> 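Take a look at this one; I'll ask things after.
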Amino acid sequence: MAPAVPAYRYGAAMAAVIEPAWQQRWADEAVFAAPNPVGSLSSGFDAVAGRPKKFVMDMFPYPSGEGLHVGHPLGYVSTDVYARYQRMNGHTVLHTMGFDAFGLPAEQHAVETGRHPRTLTERNISIYREQLRQLGMDHDPRRSVSTIDPSYYRWTQWIFLQLFGSWYDVDADRARPIADLLVELDAGEREPAEGTNPGRRPWPQLSDVDRGRVVDAHRLAYLHQAPVNWCPGLGTVLSNEEVTADGRSERGNFPVFRRPLRQWMLRITAYSDRLLADLDLLDWPDSIKLQQRNWIGRSTGAYIAFGTDHGGIEVFTTRPDTVFGATYLVLAPEHPMVGALTATAWPDGVPASWTDGAARPGEAVAAYQLTASRRSELDRQTEGREKTGVFTGAYAHNPATGRAIPVFVADYVLMGYGTGAIMAVPGQDQRDWDFAEAFDLPILRTVAPPEDFDGQAYTGAGPAIGSGFLNGLEVDAAKVRIIEWLVRNGHGRSAVTYKLRDWLFSRQRYWGEPFPIVYDDDGMPHAVPDGLLPVSLPDVDDYSPRTFPDGDVTGEPETPLSRATDWVTVELDLGAGVRSYRRDTNTMPNWAGSCWYELRYADPDNDTAACDPEIERYWMGPRDDNDCGGVDLYVGGAEHAVLHLLYARFWHKVLFDLGYVSSREPFRKLVNQGMIQSPAYADARGFYVEASEVERRGTEFFFHGEPVRQEFGKVGKSLKNVITPDAMIAKYGADTFRLYEMFTGPLEQSRPWDPQAVSGMYRLLQRIWRNVIDETTGESRVSTVDREASTVDDDTRRLMHRTIDAVRDGYETLRFNTSIARITELSNRLTQRFSSGVMPAEVAEPLVLMLAPLSPHVAEEMWSRMGHQESLAWRAFPVADPDLLGSETVQIAVQVNGKLRATVTVASDANATAMESAARAEPRVTAQLDGATVRKVIAVPGRLVNFVVG
RNA sequence: GCCCUCGUAGCCCAACCGGUAGAGGCAACGGACUCAAAACCCGUCCAGUGUGGGUUCGAAUCCCACCGAGGGCACCA
């Protein structure tokens with residue numbers, strides 16, 4: 001008996017044979033090697049020298065132990081399709097994939113097992129590489145880098161030293177080498193920047209150590225003793241971006257506390273304005289730009305000084321126009337002037353609510369400060385918006401009214417923003433209103449609200465009242481006037497502040513880049529000389545930092561590296577003879593390696609530079625004066641909106657300032673891929689159960705006989721709904737899997753994973769195959785006759801050219817779902833016309849080439865069976881003949897008063913007059929127009945005619 | 001509370017600068033093939049675009065309000 005399935009039908013079994021074979025051939029022939037203009041990867045450059053370039057990138061993954069799930073390839077396949085399309089479209093394409101391989105999971109595994117995190121990480125990386133290969137990626141494997149490779153982190157450390165070795169020249173508005181600063185300070189051309197010279201003694205009189213401190217305080221990478229986010233549960237400090245809104249670590253969900261510690265900071269705030277302004281140059285989703293704008297949080301206003309017996313308190317306000325309504329001041333509990341201001345005794349007649357029951361202000365303030373410091377962000381929130389605070393016993397003078405107003409300490413004012421002190425204007429600020437009500441403080445309106453306003457604080461527009469010389473002025477005019485007045489009288493100045501804080505850059509962990517820094521006996525930091533990089537991670541017995549109970553806010557951080565005693569002490573000659581130095585025992589945060597990997601992709605094995613400037617210019621350089629340069633397409637998840645994407649922009653700008661790169665931005669165009677959501681099931685208690693073991697009965701779902709509730713959510717371990725690409729590839733082949741992932745919707749959109757719908761794409765590939773290949777013999781069905789003798793009819797030919805046009809458009813705009821729909825349409829037509837007899841090459845070849853970016857293995861196989869020796873990866877993508885895009889005639893709509901009444905067929909190039917007369921000739925239209933006055937006729941060529949009657 | 005994105009057939013999705021709401025797939029149904037079933041092939045069905053207003057000759061598309069889903073921020077002075 002003959003087998004039920006023809007021997008050469010396309011299916012999973014055949015995919016399992018041809019896919020590895022093509023992957024092998026691509027690798028053997030180095031089909032996807034992208035040549036550089038110079039350097040180690042320059043061979044073959046002459047062949048592509050004249051081509052336009054595309055640098056296409058994915059956000060590289062952390063290689064976790066679970067391997068890829070179906071969510072990952074959505075982005076990876078899309079860049080692969082785009083890269084393959086652009087290669088066929090005449091570009092030379094840089095596409096590769098690396099690994100962001102430092103990180104906590106491997107370290108925690110190492111802590112548990114005692115095995116070096118590198119062992120597990122490298123094993124995971126090789127699993128990922130194999131999975132990516134099975135997906136048929138067109139990566140250039142020579143460029144695949146991993147952040148844990150010493151040859152990579154050597155340059156991460158080098159970039160850190162560039163930050164350490166430079167300062168921000170505000171006048172030049174760029175970073176410059178620290179050596180320039182020294183020259184200018186020594187020459188007296190420059191004074192130390194504000195806040196860098198606490199003693200304020202002139203530069204020439206400073207000791208060497210003090211000069212070192214002044215210089216260190218200018219650096220873009222600097223050590224700073226300040227309140228930081230301390231996470232006892234992780235035994236490390238965290239950056240602001242790594243702490244969630246409810247005061248927990250993003251990783252591990254441990255409580256985070258504020259406490260002062262000496263840590264490395266990166267001066268990202270120096271770049272606030274440029275990070276903000278250059279967003280306008282980027283082709284990024286608006287939502288991401290907006291999130292970055294909000295995170296940077298630029299606001300304009302004024303600093304105003306309020307006099308006290310112990311000096312002026314400077315506040316920041318965005319509403320200087322309301323200063324006449326400032327009825328009290330509030331300092332953050334950590335504000336440095338709190339101690340000096342706090343009075344020795346309560347003034348007469350102080351309300352009981354201001355003293356918190358304490359006998360003296362000092363006791364009340366100290367108690368309040370202690371409570372505030374112990375209070376995590378989470379506690380603050382669970383307490384609701386109840387305002388708390390305590391009176392310092394001191395008064396300040398409102399410079400506008402001359403009146404004495406009380407000074408409070410309250411935790412609704414944050415030390416980290418503005419000056420850590422505010423003027424409270426309850427009439428125009430709801431927070432101040434709430435506090436004023438709680439403490440019986442006077443509330444004055446200084447902006448007249450509308451008559452029907454029945455709220456509390458009024459923040460809208462309106463004329464100033466009760467504000468002396470400002471009365472009658474609208475808010476903006478009043479701001480201008482009061483700032484003039486403040487400046488003239490020495491009470492203040494206009495100011496810009498940012499929410500963005502400097503980046504806390506050290507972690508007390510093991511599995512990260514060591515700092516290339518040593519300390520001398522004075523505790524002064526020194527750069528490890530370039531020739532001694534990388535500073536390698538030492539082997540240790542215990543990979544864990546010392547952790548503490550959640551509530552422990554005083555434990556001293558103890559890093560794993562500090563226990564590598566042989567490593568910590570080092571003999572070096574840094575210019576003062578051989579001396580003993582102590583190494584920095586922190587490591588860099590996880591984000592460091594991902595801040596610059598695009599540059600390393602471009603020049604992966606350069607051992608004299610992070611990236612050769614000529615190679616950077618070639619792949620990433622600006623194309624014209626308005627172009628910021630950077631990677632042509634960067635695809636990744638929206639969850640990195642303010643972390644990775646802001647940090648990477650910052651590093652890139654530093655390298656730009658120092659002349660190492662020609663591009664101002666790392667990523668010219670960014671696209672966020674949507675999430676793949678997959679069915680997840682929860683039982684009666686609300687716990688998730690393994691989705692793969694749930695069975696469906698009609699519209700209900702059961703897990704081991706118990707009813708469960710279906711919902712959709714992000715694929716992952718927590719919802720127990722992981723679907724692996726491996727399983728999909730085994731069942732259908734990688735080509736079907738790729739096609740399905742691209743078909744379900746536009747890239748940016750989240751979509752549910754529907755295992756049933758995959759079969760549609762499977763059938764499509766089978767149909768295309770059957771069009772081109774004889775299922776029983778495996779021979780090509782495609783005729784090779786000349787176009788003149790082709791049996792392709794005009795309709796089909798026109799359809800093909802329209803298809804080419806539409807498919808190209810879909811590839812260009814990353815709307816691959818529409819490309820697939822058009823390919824399907826053409827394939828269906830070919831099935832209809834040519835299912836018996838031969839398939840004309842005139843249509844078969846473009847069909848296969850158009851499919852190739854999406855499903856490259858089967859396309860290569862068909863192409864090869866059609867008699868082509870060469871891979872189609874570099875074959876020119878079909879081009880539509882513009883003359884064949886339209887049809888000869890077109891059906892247009894005829895509307896009367898906007899209502900569709902008839903359709904008529906006209907020549908596709910018919911002008912308005914011709915269209916109108918054709919429409920009038922249509923009997924149903926004639927009937928409609930009979931007896932009516934036609935006021936206006938609107939004719940849109942190729943679309944419609946609309947008679948406006950009445 | 002504020003901000004952003006999105007609501008089109010039973011489901012996933014198309015629809016260019018406002019111009020006849022439908023390209024494609026899934027599911028369903030019918031047919032063909034088969035001893036039968038699966039697979040494959042052919043065909044059919046299905047919405048007036050979340051709701052209510054507005055602008056316009058004409059609105060899925062632009063504007064306003066509301067409802068729903070997802071995401072971000074959240075005492076930022």
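Since the model is a prediction, treat every value here as computed from it, not as a measurement. Proteins come first, then strands; the chains are lettered A, B, ... in the order of their sequence lines, and each starts at number 1.
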> With a non-hydrogen cut-off below 4.0 angstrom, is A:Thr497 in contact with a base, only sugar-phosphate, or nothing?
nothing
> Going by the rule salt bridge (charged side-chain N to carboxylate O under 4.0 Å, His left out), which residues pair with A:Arg920 if we only count those two or more places apart in sequence or in a different chain?
A:Glu916
> Could I get the full list of salt bridge (charged side-chain N to carboxylate O under 4.0 Å, His left out) partners for A:Asp283, not counting sequence neighbours?
A:Lys669
> Could you tell me whether the side chain of A:Gln673 and the main chain of A:Val635 form a donor-acceptor pair under 3.5 Å?
no
> Verify the distance criterion only: is there a donor paired with an acceptor across the side chains of A:Arg833 and A:Thr796 at less than 3.5 Å?
yes
> Take atom OH of A:Tyr412 and atom C1' of B:A74, then tell me their distance rounded to the nearest Å.
17 Å
> Could you tell me whether B:C17 is syn or anti, where syn means a glycosidic angle within 90 degrees of zero?
syn
> So does A:Lys289 have more than 12 non-hydrogen atoms from other groups sitting under 6.0 Å from NZ?
yes
> Under 4.0 Å, heavy atoms only, any strand: does A:Arg935 hit a base, just the sugar-phosphate, or nothing?
nothing
> Whole angstrom is fine here: how far is it from NE2 in A:His640 over to P in B:G72?
12 Å
> Between A:Gln673 (CD) and B:G71 (P), how many Å, whole number?
15 Å
> Just the rounded figure in Å: distance from P of B:A74 to CG of A:Leu290.
13 Å
> For B:C2, take OP1 and OP2 only and decide whether either is under 4.0 Å from a side-chain N or O of A:Asn294.
no
> Using a cut-off of under 3.5 Å, enumerate the N/O to N/O pairs linking the protein to nucleotides 59-65 of chain B.
none

> Under 4.0 angstrom, heavy atoms only, what part of the nucleic acid is A:Glu639 near: base, sugar-phosphate, or nothing?
nothing
> Just how far, in rounded Å, is P of B:A32 from CD of A:Gln832?
20 Å
> Taking the same atom, P, in B:U55 and in B:A14, what whole-Å distance lies between them?
31 Å
> Any strand counts, and the cut-off is 3.5 Å on both contacts for Watson-Crick or G-U wobble. Which nucleotide pairs with B:A65?
B:U51
> Just checking, is any N or O donor in the side chain of A:Arg319 or A:Thr317 under 3.5 Å from an acceptor N or O on the other one?
no
> Which residues, if any, of residues 416-425 of chain A bring a heavy atom under 4.0 Å of RNA chain B?
A:Tyr417, A:Ile422
> What does nucleotides 9-20 of chain B look like as a protein-contact string, B for base, S for sugar-phosphate only, - for none, at under 4.0 angstrom between heavy atoms?
---SSSSB--BB
> Please tell me which of A:Val642 and A:Arg319 maps to the more 5' nucleotide of RNA chain B, matching each residue to the nucleotide holding its nearest heavy atom.
A:Val642
> Pick from A:Tyr732, A:Trp753, A:Tyr762: which one makes a ring-ring contact (aromatic ring centres under 6.0 Å, His included) with A:Tyr740?
A:Trp753
> Have A:Gln428 and A:Thr446 got a donor and an acceptor in their side chains that come within less than 3.5 Å?
yes
> When you check the glycosidic angle of B:G48, does it come out syn, meaning within 90° of 0, or anti?
syn
> In chain order, what residues pass the side chain to side chain donor-acceptor pair (under 3.5 Å) check against A:Arg798, with sequence neighbours excluded?
A:Asp794, A:Glu888
> Within less than 4.0 Å of OP1 or OP2 of B:C3, is there a side-chain N or O belonging to A:Arg293?
no
> Please verify the inter-ring angle class for A:Phe316 with A:Tyr303; under 30° counts as parallel, over 60° as perpendicular, anything in between as tilted.
perpendicular
> Look through every strand shown and name the nucleotide pairing with B:G19 as Watson-Crick or G-U wobble, where both distances are under 3.5 Å.
B:C57
> Can you tell me how far P of B:U5 sits from NZ of A:Lys289, to the nearest Å?
13 Å
